[in-house]
Amino acid sequence: MTVRLRIAPSPTGSLHVGNARSAVFNWLYARRHGGQFIVRVDDTDTARSDERHVSEMIDGLRWLGLDWDEGIEVGGPHGTYRQSDRFDRYREAAEQLWRGGDAYYCFCTPEELDVRRAEAQKAGRPPGYDGLCRAIDTEQARARVADDERASLRLAVPRPGVTEFRDLVRDDMRFDHENIDDFVLLRSSGAPTYHLASTVDDVDYDITHVARGEDLLSSTPKHILITEALGASSPTYAHLPLLFGPDGKKLSKRHGDTSLKAFISAGYLPEAMFNYMSLLGWSYDPEITIYSADEAIARFDLDDVSKNPAVFDVDKLQWMNGEYIRAMPVSEFIERSRPALEEGLGSPLEPAEFDKYRQLAPLIQERIKMWPETAEMVRWLYVDEVEYDQQSWSKVMEKEPSAAVLSDALGRLEKVDPWTTETIEAAMRAMLEELDIGARKGFQPLRVAVTGSSISPPLFESMEVLGKQASLGRIGAASARLAAG
RNA sequence: GGCCCCGUCGUCCAGCGGCCUAGGACGCCGGCCUUUCAAGCCGGUAACGCGGGUUCGAAUCCCGUCGGGGCUACCA
């Protein structure tokens, strides 16, 4: 039997990293077992659903490197894979439930329910639905509905009773029906609730494994009850540990922008993001942290997923991103960093200008963790006049023997020909010797003069790429500025 | 409040009765390298929440306790 898994995000907001991580686990499991991965859109809440979120989600999932065998955009035997197109099917299922005696009409208004809930809470009773309308005679209820009276349809939860299931992550679960109220299947508007729609879809689409966040663990008995009432058999469930923010609370908007989109635009690599997310609640090997998606597929199993919630650690993600950046061939680094570079610089680069970047690229590659850092690394290369970093200037330039070094270097550098890293370095090392000063005192002033900062890519390579004329000009300018006080 | 889940370094994970004087990764600290910053290399810091059992032996099993979290809608 081939496994079929799905993710079913609601397009009521941006795709959250928690959902993205669920998608990764589902995908990994499907691929590992040669099964199918399906992407469905749970948009029963039509008022809050937005098409923009649907396409953003698709882009995000693709960006991560996931692909799906059926679902939104790619199609399949089950139509559009959007719940909003299947309301008739859900009503039909509801009807089936009602005919089978597993559901009943409820004529309580939301206002009445609010009042009774408040009372129950005050009296220390469970706040769920009290089952009042369950007592209404079926024929009578049908007549009232036929008479256009507003009614919702609720599941008649078997009482007494218990629902038990084996969760791949949590092992044996047991829920007493005492704690499950007769929840709504169909709203009085005729729209299905999430519980109904999602369960019907899982049944109709032959989903074999449902791996989702632990926040749905207590809803699972409801889904099992619906499934059984429908005469189908339940999928295997796996409730994944939740993702937490640094404060130990469920990751949400209050932790800043936690949408996958935010991470994409922050400049993370999809490989790093995938790798990092797969590590949240799972481990590839006790000794190995970095691995490819294919390697993960070869070892992944829902059985091995941890029960503990995981704190999303941006520091580790960044480190990992840096690892991936450093691991790629230089040519790839150059191409992939280009968009962020030009964006950071504010304009596209002419071929000749880009060529300078290309020369410095290997040195940049080992110094950044995130794409946006490239522009900061080489900005000095593309300005007419360097902007001196205030701290660097006072720390380096306003000290002996910077002034002397600058003018001495100027004289020596003028004679350097050809202008290469090696010849520049040779000339400067000779200067060090003759002036009898250390490399720090001798080179830092030049660095600040050329790049504007005491922190930069390696000096001589930088000077070579900048060019002789520009380099001399900058050293001269710094020298003059120093003289002027 | 009720129901449910969870509890190993600050964080993520390994550990599934003896291999644990608890391992790896991030972070942090120190060193080496070095013209800065990185990278790299080397080293260090740091945890089984607590209390009872069970057992020859427990991080691993059981109970309790404390702590954290989730759910508790005609949202999903």
Side-chain angles (χ1 to χ4, degrees), chain A residues 8-13 42-45 47-49 106 108-110 113-114 117 121-122 124-129 150-154 167 169-170 173-176 178-181 183-189 191-195 197-198 213-221 239 241-242 244 246 248-250 276 279-290 306-320 322 326 363-369 373 377 392 396 425 428-429 432 438-448 451 453-460:
Chain A
S10 296
T12 53
D42 276 16
D43 55 352
T44 47
D45 188 351
R48 292 197 299 140
S49 293
C106 171
C108 301
T109 64
L113 293 174
D114 283 345
R117 184 176 306 113
Q121 221 139 12
K122 216 155 66 181
R125 279 178 284 126
Y129 182 62
R150 280 182 79 83
S152 61
L153 189 75
R154 290 178 183 274
D167 189 284
V169 177
R170 319 248 150 211
M173 297 301 314
R174 176 192 169 92
F175 290 87
D176 195 311
E178 241 177 77
N179 302 304
I180 304 173
D181 71 343
F183 59 98
V184 172
L185 262 11
L186 230 41
R187 301 184 178 93
S188 51
S189 66
T193 59
Y194 157 76
H195 296 304
S198 174
E214 195 203 321
D215 50 344
L216 260 5
L217 184 57
S218 23
S219 297
T220 303
H239 286 90
L242 257 21
F244 282 3
K249 299 270 199 292
K250 187 177 166 185
Y276 179 70
L279 238 22
L280 260 17
W282 183 69
S283 78
Y284 174 79
D285 178 291
E287 308 285 312
I288 301 172
T289 309
I290 308 270
S306 148
K307 298 181 197 330
N308 308 356
V311 173
F312 196 93
D313 181 4
V314 178
D315 280 343
K316 188 159 183 175
L317 207 210
Q318 290 198 353
W319 161 78
M320 187 168 278
R326 267 171 265 124
L363 302 175
I364 306 302
Q365 186 175 8
E366 65 184 30
R367 285 173 169 70
I368 65 163
K369 286 196 169 99
E373 294 170 50
M377 222 69 166
S392 298
V396 174
E425 177 161 9
M428 293 298 90
R429 294 228 177 253
L432 247 40
R440 188 183 212 98
K441 279 196 182 318
F443 297 160
Q444 281 302 82
L446 295 174
R447 186 187 306 283
V448 174
T451 71
S453 169
S454 60
I455 299 173
S456 83
L459 182 58
F460 307 122

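Nothing here was measured: the structure is a model prediction, and the numbers come from that model. Naming: A, B, ... by sequence-line order, numbering from 1 per chain.
- When the P atom is used for both B:A47 and B:C6, the distance is 25 Å, rounded to whole Å.
- Of the side-chain N and O atoms in A:K307, none sit less than 4.0 angstrom from OP1 or OP2 of B:G7.
- Counting any heavy atom pair closer than 4.0 Å across all strands shown, A:S454 reaches a base atom.
- Among the atoms of the strands shown, only primed sugar atoms or phosphate atoms (P, OP1, OP2) are found under 4.0 Å from some heavy atom of A:S10.
- Note on A:L113: a base of the nucleic acid sits closer than 4.0 angstrom, heavy atoms only.
- The P atoms of B:C41 and B:C56 are separated by 48 Å, rounded to the nearest whole Å.
- Each of A:L363 and A:C106 has a nearest nucleotide on RNA chain B; the 5'-most of these lies closest to A:L363.
- Within the nucleic acid shown, A:K250 comes within 4.0 Å of sugar-phosphate atoms alone, with no base atom in reach, counting heavy atoms only.
- Listed candidates were B:C74, B:G27, B:C13. Nearest to the side chain of A:W319 is B:G27.
- Closest approach to the A:P309 side chain among B:C6, B:G2, B:C37 is made by B:C6 (side chain taken as heavy atoms from C-beta onward).
- With hydrogens and angles ignored, a donor-acceptor pair under 3.5 angstrom links the side chain of A:S188 to the base of B:C74.
- Heavy atoms of A:P458 sit under 4.0 angstrom from at least one base atom.
- Remark: the separation of the C1' atoms in B:G69 and B:G52 is 26 Å, to the nearest Å.
- With a cut-off of 3.5 Å on both Watson-Crick or G-U wobble distances, the partner of B:C32 is given as B:G40.
- Side-chain proximity of A:E214 to the nucleotides B:C5, B:G24, B:C71 is greatest for B:C5.
- Using a 4.0 Å heavy-atom cutoff across all strands shown, A:G281 reaches sugar-phosphate atoms only and no base atom.
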Residues A:L242, A:E214; criterion side-chain contact (heavy atoms from CB on, under 4.5 Å); working and verdict = CA-CA 6 Å; A:L242 257 21; A:E214 195 203 321; 4.1 Å; yes
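- Across B:G40, B:G27, B:C4, the shortest atom-to-atom separation from the side chain of A:K369 is found for B:G27.
- In this structure, A:S219 does not reach the B:C71 phosphate: none of its side-chain N or O atoms is under 4.0 Å from OP1 or OP2.
- Between A:R154 and B:C74 there is a side-chain N or O to OP1 or OP2 distance below 4.0 Å.
- A:M320 comes within 4.0 angstrom of no nucleic acid atom, judged by non-hydrogen atoms across all strands.
- You'll find that the side chain of A:Q444 is closest to B:U36, out of B:C26, B:U36, B:A14.
- Distance from the side chain of A:R367 is smallest for B:A38 among the nucleotides B:A14, B:U11, B:A38.
- When the P atom is compared between B:C61 and B:A14, the two are found 14 Å apart, to the nearest whole Å.
- Nearest to the side chain of A:E366, among B:A73, B:A38, B:C12, sits B:A38.
- If you check every strand for non-hydrogen atoms under 4.0 Å, A:G128 touches nothing.
- Between A:N308 and B:G7 there is a side-chain N or O to OP1 or OP2 distance below 4.0 Å.
- The A:K316 side chain lies nearest to B:C26 when the options are B:G70, B:C74, B:C26.
- When the nucleotides B:G24, B:A76, B:A14 are ranked by their closest atom to the side chain of A:H195, B:A76 comes out on top.
- For a distance-only test at 3.5 Å, the side chain of A:R170 fails to qualify as a donor-acceptor partner of the base of B:C5.
- The pairing partner recorded for B:C66 is B:G7, the criterion being a Watson-Crick or G-U wobble arrangement whose two distances lie under 3.5 angstrom.
- In this structure, B:U55 makes no Watson-Crick or G-U wobble pair, since no nucleotide meets both defining distances under 3.5 angstrom.
- Counting only heavy atoms from C-beta on, A:L242 has its side chain closest to B:G70 among B:G70, B:C26, B:C74.
- The residue A:F460 sits close to a base: some heavy atom pair falls under 4.0 Å.
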